Amino acid sequence: MASSYHQEMQEVFRNNNKSREFPAHSAKVHSVAWSCDGKRLASGSFDKTASVFVLEKDRLVKENNYRGHGDSVDQLCWHPTNPDLFVTASGDKTIRIWDVRTTKCMATVSTKGENINICWSPDGQTIAVGNKDDVVTFIDAKTHRPRAEEQFKFEVNEISWNNDNDMFFLTNGNGCINILSYPDLKLIQSINAHPSNCICIKFDPTGKYFATGSADALVSLWDVEELVCVRCFSRLDWPVRTLSFSHDGKMLASASEDHFIDVAEVETGEKLWEIQCESPTFTVAWHPKRPLLAYACDDKEGKYDSNREAGTVKLFGLPNDS
């Protein structure tokens with residue numbers, strides 16, 4: 001028997017299942033993220049820039065394009081509580097902090113390698129960045145100076161603090177989740193989570209669960225307290241690249257090279273919805289207050305020879321009559 005939440009959300013999506021695309025970049029989009037207040041969406045691209053949109057009723061209006069990086073912007077994230085600040089990680093061996101009120105780069109921090117992963121601590125005080133050589137650097141968000149640097153002996157994929165800010169999680173190429181104490185960065189536990197490469201990790205806003213996505217096409221849901229796997233979602237056929245929990249923690253979107261984004265009900269694992277895409281999806285992000293999902297796909301293999309779709313940001317959950 002489907003839960004009342006399940007039925008309610010299916011009804012919402014039946015009436016709001018429109019996706020709309022918005023030109024954002026001149027090359028493919030690697031990362032999308034919402035500001036904590038949900039008023040802005042930022043995207044980072046292979047074209048070396050970041051873009052910021054303002055969300056109006058049911059459309060994204062481009063506010064600015066942020067230039068300065070000398071290489072691809074692989075990932076970006078917003079400050080957890082300040083809706084004006086975001087940070088970008090680039091292959092140019094720097095991270096940059098931007099302020100949407102001035103549109104200028106507030107700080108450029110040089111790092112040792114080509115950066116691919118970035119996250120901001122829940123208390124806003126630290127930015128962690130991971131590079132292609134499996135070094136994670138912890139940078140003081142106020143002084144912009146490195147606090148600590150850790151070289152790992154395995155392939156580091158995605159990094160994240162837990163919501164309480166006292167543990168630091170890494171997913172790795174051996175299918176493990178490594179959990180370090182924070183700030184002292186001592187290994188607490190290494191969980192054999194998947195038989196193959198463990199790619200992405202996300203914590204739910206309520207702090208009850210985290211989810212990991214793997215090259216075996218499985219999404220696993222973990223209990224934060226017990227560190228045990230509660231359930232698996234197995235509707236995708238390709239390596240899971242990206243995950244996002246809805247603002248209430250009740251839905252989990254996951255995507256891959258499959259031509260759809262799976263939206264699962266967290267408590268049952270059942271499929272709530274399926275968002276059709278014409279190509280692989282690189283990044284998904286639920287809005288922090290509404291059932292709107294921003295995402296970006298690898299558009300170049302689309303059905304258009306003109307390549308007009310490359311570099312668009314997409315928004316799902318818009319009213320059918322909009």
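Keep in mind that what you see is a predicted model, and the values were worked out from it rather than measured.
Panel note: side chain Asn174, backbone Cys176; no donor-acceptor pair is recorded below 3.5 Å. Of the possible polar contacts, one joining the Asp258 side chain to the Asp237 backbone as a donor-acceptor pair under 3.5 Å is found. Formation of a donor-acceptor pair under 3.5 Å by the Ser220 side chain with backbone atoms of Cys229 is not found in this model. Side chain of Ser51 to main chain of Ser43: no donor-acceptor pair is present (N/O by atom type, distance under 3.5 Å, no hydrogens or angles). Of the possible polar contacts, none joining the His287 side chain to the Leu292 backbone as a donor-acceptor pair under 3.5 Å is found. The main-chain N or O of Asp216 is found under 3.5 Å from a side-chain atom of Ser196 such that the two form a donor-acceptor pair. A donor-acceptor pair under 3.5 Å is absent between the side-chain atoms of Arg20 and the main chain of Leu60, judged by distance alone. Distance alone, capped at 3.5 Å, is enough to place a donor-acceptor pair between the Gln151 side chain and the Asp133 backbone. The closest donor-acceptor contact from the side chain of His247 to the backbone of Lys289 lies under 3.5 Å. With Lys18 contributing its side chain and Ser322 its backbone, the two residues share a donor-acceptor pair below 3.5 Å.
No hydrogens or angles considered: nothing links the side chains of Glu267 and Ser3 as a donor-acceptor pair under 3.5 Å. When only modelled atom types and interatomic distance are considered, Ser90 and Asn115 share no side-chain donor-acceptor pair under 3.5 Å. Using modelled atom types and a 3.5 Å distance limit, the side chains of Ser181 and Asp184 yield a donor-acceptor pair. With 3.5 Å as the limit, one finds no donor-acceptor pair spanning the side chains of Thr242 and Tyr295. Side chain to side chain, Tyr182 and Thr126 meet the donor-acceptor criterion of an N or O pair below 3.5 Å. Judged by distance alone, the side chains of Thr268 and His6 never bring a donor and an acceptor atom under 3.5 Å apart.
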Step by step, work out the side chain to side chain contact (heavy atoms under 4.5 Å, CB included) result for Ile139 and Thr111. CA-CA 10 Å; Ile139 295 160; Thr111 56; 4.2 Å; yes

How far apart are the C-alpha atoms of Phe22 and Lys62, what are their side-chain angles, what is the distance that settles it, and do they pass the side chain to side chain contact (heavy atoms under 4.5 Å, CB included) test? CA-CA 8 Å; Phe22 303 91; Lys62 189 140 176 203; over 6 Å; no

**Request:** Show the numbers, then the answer: is there a side chain to side chain contact (heavy atoms under 4.5 Å, CB included) between Leu236 and Trp238?
**Result:** CA-CA 6 Å; Leu236 297 170; Trp238 290 86; 6.0 Å; no

Exercise. Could you walk me through whether Val136 and Leu185 pass the side chain to side chain contact (heavy atoms under 4.5 Å, CB included) test, one step at a time?
Key: CA-CA 11 Å; Val136 177; Leu185 302 176; over 6 Å; no

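Between Pro122 and Asn162, the shortest heavy-atom contact is CG-O, 3.3 Å. Among all heavy-atom pairs drawn from Ala285 and Ala33, the shortest one is CB-CA, 4.4 Å. Across Asn163 and Asp204, no two heavy atoms sit closer than the pair ND2-O, 2.9 Å. The nearest pair of heavy atoms linking Arg235 to Phe260 is O-CZ, 3.5 Å. Of all the heavy atoms in Pro83 and Thr81, the pair that sits closest is CD-O, 3.4 Å. Shown here for Pro288 and Ser35, the closest heavy-atom pair between the two residues is CG-O, 3.4 Å.
Distance OG/Ser19 to CG/Leu318: 7.0 Å, rounded to 0.5 Å. Here the straight-line distance linking atom CG of Leu227 with atom CE of Met167 works out to 6.0 Å at 0.5 Å rounding. Here the CG atom belonging to Leu85 is positioned 6.0 Å from the NE2 atom belonging to His79, to the nearest 0.5 angstrom. With values rounded to the nearest 0.5 angstrom, Phe282 atom CZ is found 13.5 Å from Gln75 atom CD. To the nearest 0.5 angstrom, Arg241 atom CZ is 13.0 Å from Ser254 atom OG. If you take OG on Ser121 and CG on Asp166, they are separated by 12.0 Å, rounding to the nearest 0.5 Å.
Of the candidates Lys48, Lys28, His30, His30 is the only one forming a side chain to side chain donor-acceptor pair (under 3.5 Å) with Ser72. A side-chain contact (heavy atoms from CB on, under 4.5 Å) with Leu272 is found for one member of Leu252, Val263, Asp262, Val12 and no other, namely Val263. Each of Phe168, Trp161, Phe169 was compared with Phe203 under the ring-ring contact (aromatic ring centres under 6.0 Å, His included) criterion, and only Phe169 meets it. Results of the side-chain contact (heavy atoms from CB on, under 4.5 Å) test with Asp99 over Thr102, Ile97, Thr103 single out Thr102 as the only residue that passes. Tested against Thr49, the residues Thr88, Asn65, Asn64 include a single side chain to side chain donor-acceptor pair (under 3.5 Å) partner, Asn65.
The aromatic ring centroids of Phe210 and Phe245 lie 6.0 Å or more from each other.
Looking at Arg147 and Asp140, a side-chain N of the basic residue comes within less than 4.0 Å of a carboxylate O on the acidic one, giving a salt bridge.
In this view, Lys112 and Glu149 satisfy the side chain to side chain donor-acceptor pair (under 3.5 Å) rule, not counting sequence neighbours.
Around atom NZ of Lys39, no more than 12 heavy atoms belonging to other residues, nucleotides or ligands sit under 6.0 Å away. Within 6.0 Å of atom CZ in Arg145, 12 or fewer heavy atoms from other residues, nucleotides or ligands are found, so the atom counts as exposed in its surroundings. Annotation: Glu225, atom CD; neighbour count of heavy atoms from other residues, nucleotides and ligands within 6.0 Å does not exceed 12.
Tracing side-chain contacts under 4.5 Å through hydrophobic residues (I, L, V, M, F, W, Y), one never reaches Val52 starting from Val61; they form parts of separate clusters. Hydrophobic clustering of Ile, Leu, Val, Met, Phe, Trp and Tyr side chains at less than 4.5 Å, counting indirect connections, unites Val284 with Met9.
The aromatic rings of Phe86 and Trp78 lie tilted to each other, with the angle between the two planes from 30° to 60°.
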